[in-house]
Novice: 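Got a structure for you, questions after.
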Amino acid sequence: MELNVLWFILVGVLFTGFFFLEGFDYGVGMLLPFIGKNDVERRIVINTIGPFWDGNEVWMITAGGALFAAFPHVYATMFSGFYMALFLMLVALILRGVAIEFRSKDESSAWRSTWDWMIFIGSTLPALLWGVAVTNLIQGIPINGKMQYAGTFFDLLSPYTLVGGIAFLLVFLFHGALFLTLRVEGELIERSRKAAVKIGLLAALVFLSLVGLTYTNTDLFKSGLASSALWGAVVVFVAGYVLLWLKRFGWAFAMSGLAIAFTTIAFFSGLFPRIMVSSLDPMWSLTIYNAASSAYTLKIMSFAALALVPIVLAYQGWTYWVFRKRVTAKELEY
Amino acid sequence: MEELLLARWQFAITTVYHFLFVPLTLGLSVLVAVMETMYVRTGNETYKTMTKFWGKLFLVNFIMGVVTGIVQEFHFGMNWAEYSRFMGDIFGAPLALEALSAFFLESTFLGLWIFGWDRLSKKMHVTCMWLVAFGTNLSAFWILVANSFMQSPVGYALRNGRAEMTDFIQVITNPYVWGQFPHTVLGGLVTAGVFVTAISAYYLLEKRHLPVFKPSIKIGLACMLVSTLLVMGTGHLQAQFLATKQPMKMAAMEALWESADPAPFAIAVVVDEKNKKNSFEIGIPGALSFLAYDKFSGEIKGINELQAAAEKKYGPGNYTPNIAQSFWTFRIMVLSGLWMMLVAALGAFFFYKKRLEENPFILKLLLWSLPFPYIANSTGWILTEGGRQPWIVVGLQKVSEGVSTNVTSTEIWISMIGFTVLYGVLAAAAVYLVRKFILIGPIDEKPVLSVLTKTKEATLWN
């Protein structure tokens with residue numbers, strides 16, 4: 001396989017892993033103030049992602065690093081073009097990380113509730129912004145002939161991309177609520193289930209609008225793989241919702257995760273071989289060829305990635321095994 | 001041009017802030033792992049208390065390093081897009097490798113370490129901390145590989161309007177990185193050594209929790225003494241390397257305007273940048289030649305000659321970094337290092353004689369040495385990065401050519417003020433927590449049952 005294609009797939013895999021894993025982290029973070037009614041419950045909710053969230057966030061950092069290494073022009077154009085959006089995202093991620101670490105380290109309730117809301121904001125904003133970003137990539141943004149973004153922050157906001165943002169946010173919320181049903185005990189399970197039932201319906205509606213708008217606003221459906229993946233996402237999402245009704249939480253969570261994975265695959269294969277679509281001239285889109293690193297660098301990085309990714313998957317998977325038990329009030333280690 | 005200046009300021013602010021936390025993470029991860037290893041080996045609960053106490057401070061510091069590090073990764077694309085285009089083929093690889101090989105490792109195993117006290121065997125648990133320590137120090141290696149290329153490019157070719165990697169092995173065996181990496185890792189150990197020593201000295205002064213802090217100060221002092229000596233040694237080797245590979249930085253940090261053989265080592269100067277000379281200077285004859293070449297002769301090139309040579313090679317322009325800044329940051333770094341070495345030796349001597357506890361003067365000296373590693377780390381990096389100006393990649397790209405062309409000054413103002421305010425607030429919160437933990441001390445940590453009762457009684461001690 002051509003290395004440019006391999007790297008496109010690898011970046012896709014990294015984003016899939018990132019959205020699947022951080023998807024439930026963001027969801028849990030957004031639900032925190034609502035599911036956790038008192039301090040003990042909030043600590044339980046946070047501890048469901050406690051051992052994992054930092055490792056999950058590295059998926060995003062690695063995806064960014066992989067873009068830099070494999071497609072430096074994409075990294076340069078995207079990060080400078082999405083400047084204000086990324087600034088907001090960074091503020092959110094900083095607040096969230098610090099909040100998770102700091103909130104239980106002081107007893108004052110003002111301290112704790114402040115940080116809890118920081119976790120909420122820090123989870124909401126990135127979820128929204130990633131949806132806006134991904135839909136912008138495929139809808140097309142003003143990229144000129146010099147590979148430079150020629151718009152402003154507000155050009156990134158259109159009805160389609162806002163629906164994209166809200167769809168991501170709601171799907172992550174659903175995914176997070178299902179994750180909680182697997183990780184908590186007693187009354188909290190019921191509360192998470194009810195949240196998932198309510199959110200799931202809304203998420204399904206917005207997600208369907210996203211599919212519809214994707215049909216009208218982008219060329220995603222021209223790709224057979226992309227359209228089947230997107231319809232597949234709809235199907236597994238609905239299946240997840242049905243399984244939730246049947247209280248098969250584990251399966252429902254697997255389905256919401258699969259829906260996220262299928263959606264990511266759909267957008268990536270819809271983009272292929274482009275990575276950022278130019279709305280000014282199709283010739284100016286950034287592709288896996290005109291934006292790529294040299295063949296030599298891609299080769300070196302391929303060896304490294306193919307050797308390291310399986311190891312990472314193995315030890316991260318092991319972490320989930322170690323902390324497979326539900327989080328209870330009796331053993332709040334942290 | 002305003003954008004360029006703002007982008008530089010923003011990078012400087014966020015990167016200096018980031019690096020306030022990084023060295024302590026590098027070094028303290030190792031010391032916490034050492035303490036826990038002592039616990040696992042001996043079964044002595046005191047070592048467990050030590051591990052938990054220092055581990056808690058480590059975590060506050062660690063998270064600050066992590067979240068400010070994400071900003072740095074994004075920064076290259078956000079503010080330095082043209083640099084990223086020019087250098088992506090070389091610079092992206094170590095960054096991606098850093099994430100793949102180091103960030104995953106440290107974050108995953110730290111999660112296991114924090115939450116795994118009752119779920120993992122003792123040996124498994126301590127292994128997690130060693131992996132965290134390995135991961136953080138490995139990440140330092142990769143980012144320094146990237147930085148070293150900017151200082152001294154190797155293993156590349158200029159093709160397709162950019163620098164392309166031609167030899168990965170050359171990039172990671174860049175002699176520059178093998179000067180910089182040990183110096184940085186040792187700087188981390190110095191920071192951790194001083195941190196542990198200073199805080200332990202506080203408890204010894206207060207005569208509180210002596211069973212925990214006597215062994216702590218022993219570890220701290222040992223680490224401080226050995227690593228200050230080694231950091232000086234590696235710094236010296238680095239400077240010798242500079243004399244041949246980055247002569248302009250060398251000349252700038254010595255404020256040496258005219259080439260000299262033998263060259264004197266200036267102790268203090270007043271720089272007159274306009275007239276390209278020092279209006280006052282006092283120095284030791286021949287000492288710079290000795291430091292650079294281990295003998296009292298040998299030419300050190302001066303700024304004026306190097307500037308002329310650069311103009312000949314790269315065309316008209318200013319190729320001279322800020323002289324006063326280079327000169328003084330170097331001296332502040334070295335003096336801080338010497339000071340720490342001295343107090344470490346004093347502390348170790350009194351500890352060895354078993355007279356440290358009864359000597360409040362030495363203990364206070366140790367306590368008040370806490371700012372010095374931070375001063376040395378910051379000035380060291382300001383020297384390193386300031387000294388390569390005007391280049392972003394020495395000889396290949398200037399800083400002014402690397403900045404993003406489509407980011408407006410308004411945007412940078414917003415983000416710069418935003419980061420600065422946010423960082424200020426977070427620093428206050430972090431200092432508040434660390435101070436609180438220190439005032440409370442290493443109280444015994446048991447899963448507290450009070451968390452079961454009511455909101456307010458939930459304690460933070462696990």
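Just so it is clear: chains get the letters A, B, ... in the order the sequence lines come, proteins before strands, and each one is counted from 1.
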Novice: Classify the ring geometry between A:Trp111 and B:Tyr432 as parallel (under 30°), tilted (30 to 60°) or perpendicular (over 60°).
Specialist: tilted
Novice: So, for A:Tyr315 and B:Phe109, is the gap between ring centers shorter than 6.0 Å?
Specialist: yes
Novice: Output the option from B:Asn160, B:Leu105, B:Val425, B:Ile90 having the highest count of non-hydrogen pairs under 4.5 Å with chain A.
Specialist: B:Leu105
Novice: Hey, are B:Ser107 and A:Glu57 close enough side-chain-wise for a donor-acceptor pair under 3.5 Å?
Specialist: no
Novice: Please find the pair of heavy atoms, one from A:Ile61 and one from B:Glu73, that lie closest to each other, and give the distance.
Specialist: O-OE2, 2.8 Å
Novice: I need the residue from A:Thr152, A:Thr77, A:Leu95 with the largest number of non-hydrogen atom pairs under 4.5 Å to chain B.
Specialist: A:Thr77
Novice: So which atom in A:Gly55 and which in B:Phe104 form the shortest heavy-atom distance, rounded to 0.1 Å?
Specialist: O-CE2, 3.7 Å
Novice: Between A:Lys146 and B:Glu82, does any NZ, NE, NH1 or NH2 come within less than 4.0 Å of an OD or OE carboxylate oxygen?
Specialist: no
Novice: Could you tell me which portion of B:Thr166 (side chain, backbone, both or neither) has an atom closer than 4.5 angstrom to a non-hydrogen atom of chain A?
Specialist: backbone
Novice: Picking from B:Gly88, B:Gly111, B:Gly77, which has the most non-hydrogen pairs under 4.5 angstrom with chain A?
Specialist: B:Gly77
Novice: How long is the straight-line distance from CG of A:Leu90 back to CZ of B:Phe74, given to the nearest 0.5 Å?
Specialist: 5.5 Å
Novice: Could you tell me whether A:Phe87 and B:Phe419 have their ring centroids closer than 6.0 angstrom?
Specialist: yes
Novice: Are more than 12 heavy atoms from other residues, nucleotides or ligands located less than 6.0 Å from atom OH of A:Tyr296?
Specialist: yes
Novice: Against chain A, label B:Asp167 side chain, backbone, both or neither, depending on which of its atoms sit under 4.5 Å from a heavy atom there.
Specialist: both
Novice: By a 4.5 Å heavy-atom criterion (distance strictly below it), what part of B:Leu422 contacts chain A: side chain, backbone, both, or neither?
Specialist: side chain
Novice: Who among A:Ser294, A:Gly97, A:Pro72 has the most heavy-atom pairs with chain B under 4.5 Å?
Specialist: A:Ser294
Novice: Once rounded to the nearest 0.5 Å, what's the spacing between atom CZ of B:Arg119 and atom CH2 of A:Trp321?
Specialist: 12.5 Å
Novice: For B:Ser415, is it the side chain, the backbone, both or neither that has a heavy atom under 4.5 Å from a heavy atom of chain A?
Specialist: both
Novice: Are any side-chain N or O atoms of A:Tyr83 and backbone N or O atoms of B:Asn79, one a donor and one an acceptor, separated by less than 3.5 Å?
Specialist: no
Novice: Looking only at non-hydrogen atoms, find the nearest pair between A:Ser80 and B:Val407 and report the distance.
Specialist: O-CG2, 3.7 Å
Novice: Can you tell which part of B:Glu164 gets under 4.5 Å to a heavy atom of chain A, answering side chain, backbone, both or neither?
Specialist: side chain
Novice: Counting heavy-atom pairs under 4.5 Å with chain B, which one of A:Val322, A:Val312, A:Asn56 comes out on top?
Specialist: A:Val312
Novice: Against chain A, label B:Arg162 side chain, backbone, both or neither, depending on which of its atoms sit under 4.5 Å from a heavy atom there.
Specialist: side chain
Novice: With a 4.5 angstrom heavy-atom cut-off, could you sort out which part of B:Met124 is near chain A: side chain, backbone, both or neither?
Specialist: side chain
Novice: For chain B, find which of A:Leu298, A:Leu93, A:Leu308, A:Leu14 contributes the most heavy-atom pairs closer than 4.5 angstrom.
Specialist: A:Leu308
Novice: Of the listed residues (B:Thr405, B:Leu426, B:Ile412, B:Thr108), which shares the most heavy-atom pairs with chain A below a 4.5 Å separation?
Specialist: B:Thr108
Novice: Given a strict heavy-atom distance threshold of 4.5 Å, which part of B:Phe76 is in contact with chain A: side chain, backbone, both, or neither?
Specialist: both
Novice: For chain A, which candidate among B:Leu97, B:Asn406, B:Leu110, B:Thr68 shows the most heavy-atom pairs at distances under 4.5 Å?
Specialist: B:Asn406
Novice: Who wins among B:Val66, B:Val60, B:Leu120, B:Leu95 for the most heavy-atom pairs under 4.5 Å with chain A?
Specialist: B:Val60
Novice: Please report the interatomic distance CG(B:Leu100) to CE(A:Met301), rounded to the nearest 0.5 Å.
Specialist: 6.5 Å
Novice: Quick one: closest heavy-atom pair of A:Met60 and B:Ile70, and the distance?
Specialist: CE-CG2, 4.1 Å
Novice: Between B:Phe115 and A:Val327, is there a side-chain heavy-atom distance shorter than 4.5 Å?
Specialist: no
